[in-house]
*Asks:* 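Quick one: the structure is below, questions incoming.
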Protein chains: 6
Amino acid sequence: MKIKVINPNTTVSMTQKIGAAARAVASPGTDILAVNPQSGPVSIESHFDEAVSVVGVLDEIRRGERENMDGYVIACFGDPGLMAARELTKKPVIGIAEAAMHVASLLATRFSVVTTMNRTIVIAEHLARNYGMEAFCNKVRAADIPVLDLEDPASGAFGRIVDECRRARDEDRAGAIVLGCGGMADLTDAISHEIGLPVIDGVSAAVKLVEAIVSLRLGTSKHGDLDYPIAKPFVGRFAYLSPESGEAAA
Amino acid sequence: MKIKVINPNTTVSMTQKIGAAARAVASPGTDILAVNPQSGPVSIESHFDEAVSVVGVLDEIRRGERENMDGYVIACFGDPGLMAARELTKKPVIGIAEAAMHVASLLATRFSVVTTMNRTIVIAEHLARNYGMEAFCNKVRAADIPVLDLEDPASGAFGRIVDECRRARDEDRAGAIVLGCGGMADLTDAISHEIGLPVIDGVSAAVKLVEAIVSLRLGTSKHGDLDYPIAKPFVGRFAYLSPESGEAAA
Amino acid sequence: MKIKVINPNTTVSMTQKIGAAARAVASPGTDILAVNPQSGPVSIESHFDEAVSVVGVLDEIRRGERENMDGYVIACFGDPGLMAARELTKKPVIGIAEAAMHVASLLATRFSVVTTMNRTIVIAEHLARNYGMEAFCNKVRAADIPVLDLEDPASGAFGRIVDECRRARDEDRAGAIVLGCGGMADLTDAISHEIGLPVIDGVSAAVKLVEAIVSLRLGTSKHGDLDYPIAKPFVGRFAYLSPESGEAAA
Amino acid sequence: MKIKVINPNTTVSMTQKIGAAARAVASPGTDILAVNPQSGPVSIESHFDEAVSVVGVLDEIRRGERENMDGYVIACFGDPGLMAARELTKKPVIGIAEAAMHVASLLATRFSVVTTMNRTIVIAEHLARNYGMEAFCNKVRAADIPVLDLEDPASGAFGRIVDECRRARDEDRAGAIVLGCGGMADLTDAISHEIGLPVIDGVSAAVKLVEAIVSLRLGTSKHGDLDYPIAKPFVGRFAYLSPESGEAAA
Amino acid sequence: MKIKVINPNTTVSMTQKIGAAARAVASPGTDILAVNPQSGPVSIESHFDEAVSVVGVLDEIRRGERENMDGYVIACFGDPGLMAARELTKKPVIGIAEAAMHVASLLATRFSVVTTMNRTIVIAEHLARNYGMEAFCNKVRAADIPVLDLEDPASGAFGRIVDECRRARDEDRAGAIVLGCGGMADLTDAISHEIGLPVIDGVSAAVKLVEAIVSLRLGTSKHGDLDYPIAKPFVGRFAYLSPESGEAAA
Amino acid sequence: MKIKVINPNTTVSMTQKIGAAARAVASPGTDILAVNPQSGPVSIESHFDEAVSVVGVLDEIRRGERENMDGYVIACFGDPGLMAARELTKKPVIGIAEAAMHVASLLATRFSVVTTMNRTIVIAEHLARNYGMEAFCNKVRAADIPVLDLEDPASGAFGRIVDECRRARDEDRAGAIVLGCGGMADLTDAISHEIGLPVIDGVSAAVKLVEAIVSLRLGTSKHGDLDYPIAKPFVGRFAYLSPESGEAAA
């Protein structure tokens with residue numbers, strides 16, 4: 001089984017960390033291809049960063065279809081481009097926010113999300129609503145650190161994240177913690193050790209969900225709104241993205 | 001990995017069918033132990049049937065803890081005893097309604113449930129609400145057939161289920177079908193072939209979710225309301241169920 | 001009119017207290033039969049305790065039908081077995097959480113629940129959602145005391161409950177308090193005296209609702225999912241619970 | 001116990017019918033005073049009719065306080081003036097829509113409302129949402145008859161109402177019917193006989209809820225937004241309604 | 001274009017302030033007629049005050065129809081009589097709470113309401129729910145000042161309102177402030193200057209929405225429940241309000 | 001006042017139609033600049049089309065900031081890139097779905113959306129939920145016509161749209177119709193004439209809302225998650241989009 005894990009930002013060190021987290025949980029026989037777009041923001045910390053990252057994500061899905069991938073993970077906690085990506089393939093496509101929230105709801109009656117920047121709290125709140133997780137998600141907390149501080153051990157980011165996780169446990173009545181950034185994928189064990197709750201990283205959770213769905217011989221529904229895009233011209237610099245009628249038949 | 005799949009009713013042929021469906025998707029190295037309680041209803045078609053089945057489910061979870069199981073599936077679409085079962089173990093416990101609905105929401109923006117008896121529609125509706133799946137679950141449909149007709153090829157049950165699935169596709173705008181009974185676990189492929197949509201059986205979906213959670217080294221939160229039951233006496237014929245303080249330590 | 005008030009736990013002193021609270025508000029001509037199962041947990045403080053208590057509750061409903069009861073109260077704040085109990089009778093069956101929340105919503109625009117153990121908060125929150133009371137129930141608070149401390153005047157339980165009720169009034173903007181445990185049925189007046197808000201005990205509220213429904217010559221709907229259970233075999237130690245086709249006709 | 005049942009419209013024959021329905025279920029010792037305002041619409045079939053009726057309702061509550069009433073029923077299915085009425089008294093005030101919906105939710109998992117004019121459907125839908133009854137109320141149906149046709153046996157109104165109730169049972173999966181107009185209070189038995197479901201009339205339901213609340217020695221919360229109106233001048237023709245500081249003390 | 005801005009209370013100085021706020025934003029060619037009823041409460045701080053004010057509001061709408069008004073604003077944050085008023089005209093009728101909340105949701109993902117009296121918090125909360133603004137409205141805060149203190153510079157009201165607005169910004173994560181009283185219409189700039197957030201006054205917002213709707217040649221739907229009231233007698237002192245069949249034709 | 005109306009697709013004839021609709025309602029003194037991106041899909045009929053269109057929308061917003069625009073309209077019913085666009089400016093940015101739904105909720109208690117392709121129904125449903133309009137939006141209907149058929153009078157598109165609008169009026173109890181595509185902007189009057197309900201086109205509604213907000217001297221909140229994007233490098237072909245720290249100061 002081949003799973004493409006797409007880091008929507010362009011920071012290679014983060015892609016490598018995400019890839020390592022994915023491989024650490026992948027089943028024997030699962031190949032993880034961790035990639036990031038060549039173009040786009042170095043980190044995703046706003047609606048704008050997220051919106052621009054989407055084209056790169058979709059490029060990677062389209063390339064993945066030619067590479068005979070069996071499934072895809074979108075490894076940014078805003079799940080950028082998720083619905084569009086699903087239209088491009090009948091393989092499963094899972095976002096890491098989606099994966100982490102669903103798994104958390106199977107382990108605890110209430111969870112909190114701990115993310116990086118304050119301004120992304122609302123993005124996670126919107127996703128929780130869209131995924132039906134509002135009643136499970138007690139609170140979205142932010143440690144108010146830039147995403148790329150996670151790449152710098154000297155930044156003190158880990159300590160601040162642990163502090164928020166502890167508040168989630170003690171003040172929010174959270175039974176589990178969802179880590180709100182793909183760049184935290186290597187922190188799961190250390191945080192869990194500190195606070196004694198299940199800590200869910202979306203990257204690893206999404207890999208396991210893709211494997212599960214592929215094993216079930218299921219995939220994205222091609223009936224209705226997630227069907228392949230209708231064949232039509234795209235013009236200008238996005239002409240290469242024009243959906244072809246052959247795509248659905250492939 | 002050892003997963004116990006508990007059919008909450010006492011019909012052995014259904015347990016065997018459920019076990020076969022579980023084994024068909026289990027990863028290499030996963031042992032499936034399919035069981036049913038010795039006592040309880042032969043089928044579950046009402047709140048009452050479901051309520052009585054719970055003690056048998058909990059007995060099997062407790063026995064499973066002594067058998068060193070790695071996870072549990074509750075294989076009745078009402079997910080009887082799910083919260084109580086989770087208190088008894090730090091291993092994952094997944095209900096088949098829960099599993100099927102979550103997986104369906106990853107594959108389509110809207111799904112319909114197709115179940116057996118009309119009177120169980122409300123049970124599935126309540127679960128969809130409790131799991132946050134209301135916005136994804138367009139409709140719960142019933143073919144109005146007794147559960148045990150599923151065990152009798154001459155009953156015509158299959159045709160009636162396919163008819164409802166077709167209505168779900170054509171009238172409800174469903175992009176995927178969730179099968180609303182553990183006893184339908186062997187029908188997934190045949191129905192999918194008839195109607196051309198992803199068809200999700202909860203038994204197989206739940207097995208894969210348990211495997212996924214175990215691989216992630218996660219389990220039921222023991223912080224808060226899913227912690228082990230408080231040590232106390234149970235009296236009379238349920239005395240054997242008295243939670244012991246040692247249980248949590250085990 | 002004969003109303004059976006079922007304490008789902010097996011602690012006789014609590015049954016007596018509940019019976020007294022019921023009798024204190026019963027109309028002339030209403031006989032209160034307060035009972036508890038012979039088997040099950042001595043107190044209910046978890047999903048597991050609650051799940052095991054259900055069989056005893058259902059036994060008492062079935063016995064009540066032979067005793068020509070006119071209605072039933074399930075006197076534990078988790079309302080264990082409520083839907084199943086309703087299937088067994090066309091008489092009204094009211095849970096004390098349900099009764100207290102409905103009455104509170106008629107007296108104030110916002111109320112808080114004050115219960116015993118922290119871990120049961122989520123049970124009350126789930127009930128509030130299921131009963132449509134989410135917008136009325138500001139908060140569920142717990143005094144974090146074991147249920148049986150309510151039976152021991154030396155435990156300091158009363159003071160801690162009053163403290164939480166006061167916080168509900170002052171911090172939650174609650175206009176009324178719902179007592180979140182059947183074992184608090186004797187505290188209504190004392191708490192109301194301390195904090196000056198309407199304080200609603202579910203036992204007494206449920207008795208009055210049963211009386212009201214019986215006087216209206218109404219009862220549990222036998223059309224649809226609350227109809228009598230379908231006749232079928234139950235096996236093993238629960239064989240005695242097998243629904244008979246005669247039950248509906250009775 | 002003295003309960004004032006206020007018909008918010010000015011049609012005396014309807015007031016008499018409502019009074020009869022109230023007396024038919026009142027407990028021994030309960031006196032029913034059925035009244036209607038001297039001024040206002042002869043029937044209530046729109047937001048405007050309802051809005052104008054409110055002053056008359058409030059006049060009757062104020063008069064009731066001087067008459068030492070123990071509780072109040074507002075006997076129009078739009079529950080006009082309910083929140084304002086509650087501010088004027090520490091006695092319970094119950095609307096008939098509120099009463100009927102709450103009682104229905106205790107008897108069936110799903111109910112339908114059957115009302116008179118199509119244009120009042122939205123009023124009942126808004127109330128269902130405001131009372132937390134959305135998940136219980138499958139549908140609001142109207143027979144599209146003027147309210148005062150209920151006073152005229154030759155109008156054919158009864159047959160059309162029964163037709164809608166039958167559709168509610170057969171098409172909406174309703175387990176109970178809520179009658180959506182105070183003027184239908186005399187039809188409960190006849191409709192129930194026709195369709196075989198519990199049929200709930202709000203007038204009688206509200207009387208029993210008031211009796212229940214009074215028996216529980218509870219009443220409208222005077223803590224917070226339902227406290228007595230603040231003393232201040234009202235001018236012009238409404239000067240007589242000026243709240244006085246003495247009112248709260250009374 | 002002629003817009004009638006109706007202050008539902010009878011305090012002329014407040015009407016003047018509201019009129020000034022309306023004129024300050026009105027387009028060239030828009031005439032603002034600011035009025036208040038001759039009868040009713042001097043301020044609106046409770047459900048009761050609000051309920052009594054409604055007749056005066058409706059009187060002004062009816063008079064406005066004869067004055068050939070092009071649209072109406074109801075300038076009290078409880079939006080008293082809004083639905084009834086809409087029935088009386090095919091011109092737009094906008095409440096100031098409605099206007100302010102809708103506009104706020106276009107400028108920020110989360111807003112807080114800051115109002116006067118604590119007891120009116122629940123009124124604003126109910127409106128937020130009714131207008132679909134629950135997910136946008138983080139919190140309703142009150143400065144706990146009487147409405148008429150806003151007319152008295154010496155009251156300290158301004159400082160207390162600013163304090164609450166600051167808490168909304170710093171504690172509620174509000175991106176915008178909605179002023180919760182028509183009497184605050186002159187404070188927008190000063191508060192915005194203090195706290196640096198968009199501050200939305202409903203009076204001015206509503207005027208612009210009426211202008212917008214009129215320019216779009218749209219108005220209140222006369223199809224369905226907002227159609228003109230049905231012709232019928234009103235009796236007594238409200239006889240003058242009797243809807244006539246000619247009204248719809250007018 | 002200068003308002004930029006951005007048609008997110010690249011079909012110039014549709015841009016011209018949208019521009020004409022905008023100008024037809026613009027106030028004297030408002031200049032409408034109707035544009036479309038040079039690159040992207042010729043029509044937007046799927047999540048994928050929409051996702052790719054976003055970069056072009058954001059390019060136009062950025063260019064608009066240099067052009068000293070006073071506000072923006074995103075003229076595709078999926079409101080692509082709305083949150084990201086808001087981060088780029090402190091001027092108002094309004095989507096046409098958002099505008100139409102908000103305005104419709106001010107004119108009727110229930111509305112239906114009528115759109116083009118079936119597969120875009122879910123996009124409108126998601127927007128209705130995100131904007132808080134679920135309780136107002138009875139149903140989203142599609143005429144199942146390609147968007148570009150709207151440009152071809154011979155396609156029969158108009159008749160099919162009118163048919164759906166009529167069903168909305170007669171079957172959904174809709175009091176108003178929201179047109180679900182920017183390409184329908186010229187059909188408002190004709191449809192309204194056919195069916196007799198208010199028909200709301202989002203393009204013209206959005207223009208008036210932008211004008212209203214500008215007149216109120218309000219704009220997008222720069223406090224919190226809609227603040228200017230954080231300065232950081234974007235790489236590759238999107239390097240030109242890198243947010244600069246000077247942007248916020250501009």
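Quick note: numbers below take in every heavy atom, side chains included, and nothing from hydrogens, waters or symmetry partners. Naming: A, B, ... by sequence-line order, numbering from 1 per chain.
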*Asks:* Taking side chain as everything from C-beta outward and backbone as N, CA, C, O, which of these in D:N130 sits under 4.5 Å from a heavy atom of chain E? Side chain, backbone, both or neither.
*Replies:* both

*Asks:* Between E:P146, E:G81, E:A239, E:S43, which residue shows the highest count of heavy-atom pairs closer than 4.5 Å to chain D?
*Replies:* E:S43

*Asks:* Give the member of E:S39, E:A85, E:S46 that has the highest number of heavy-atom pairs under 4.5 Å with chain D.
*Replies:* E:S39

*Asks:* Hey, which residues of residues 48-58 of chain D are touching chain E, say heavy atoms under 4.5 Å apart?
*Replies:* D:F48, D:D49, D:A51, D:V52, D:V54, D:V55, D:L58

*Asks:* Going through the distances and angles, do E:L226 and D:H47 end up as a side chain to side chain contact (heavy atoms under 4.5 Å, CB included)?
*Replies:* CA-CA 8 Å; E:L226 297 179; D:H47 301 286; 3.9 Å; yes

*Asks:* Count the heavy-atom pairs under 4.5 Å between each of D:G40, D:P80, D:P37 and chain E, then report the option with the highest count.
*Replies:*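 That would be D:G40.
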
*Asks:* Quick one: which of E:Q38, E:R237, E:M117, E:M83 has the most heavy-atom pairs under 4.5 Å with chain D, could you say?
*Replies:* E:R237

*Asks:* Measure across D:R119 and E:G224 and return the closest heavy-atom pair with its distance rounded to 0.1 Å.
*Replies:* CB-O, 4.2 Å

*Asks:* Starting at CZ of E:R129, measure out to NE2 of D:H126 and round the result to the nearest 0.5 Å.
*Replies:*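 Here the interatomic distance stands at 11.0 Å.
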
*Asks:* Heavy-atom distance under 4.5 Å to chain D: side chain of E:V235, backbone, both or neither?
*Replies:* both

*Asks:* Specify which of E:I230, E:T10, E:I121 makes the most heavy-atom pairs with chain D at under 4.5 Å.
*Replies:* E:I230

*Asks:* D:V42 versus chain E, heavy atoms under 4.5 Å apart: side chain, backbone, both or neither?
*Replies:* both

*Asks:* Does any heavy atom of chain E fall under 4.5 Å from the side chain of D:E45, the backbone, both, or neither of them?
*Replies:*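 The answer is both parts of D:E45.
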
*Asks:* Is D:I44 in contact with chain E via its backbone, its side chain, both, or neither, using a 4.5 Å heavy-atom distance?
*Replies:* backbone

*Asks:* Is it true that, when you exclude E:K232 itself, more than 12 heavy atoms of the residues, nucleotides or ligands shown sit nearer than 6.0 Å to its NZ?
*Replies:*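 Yes - once you tally the heavy atoms of other residues, nucleotides and ligands closer than 6.0 Å, there are more than 12.
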
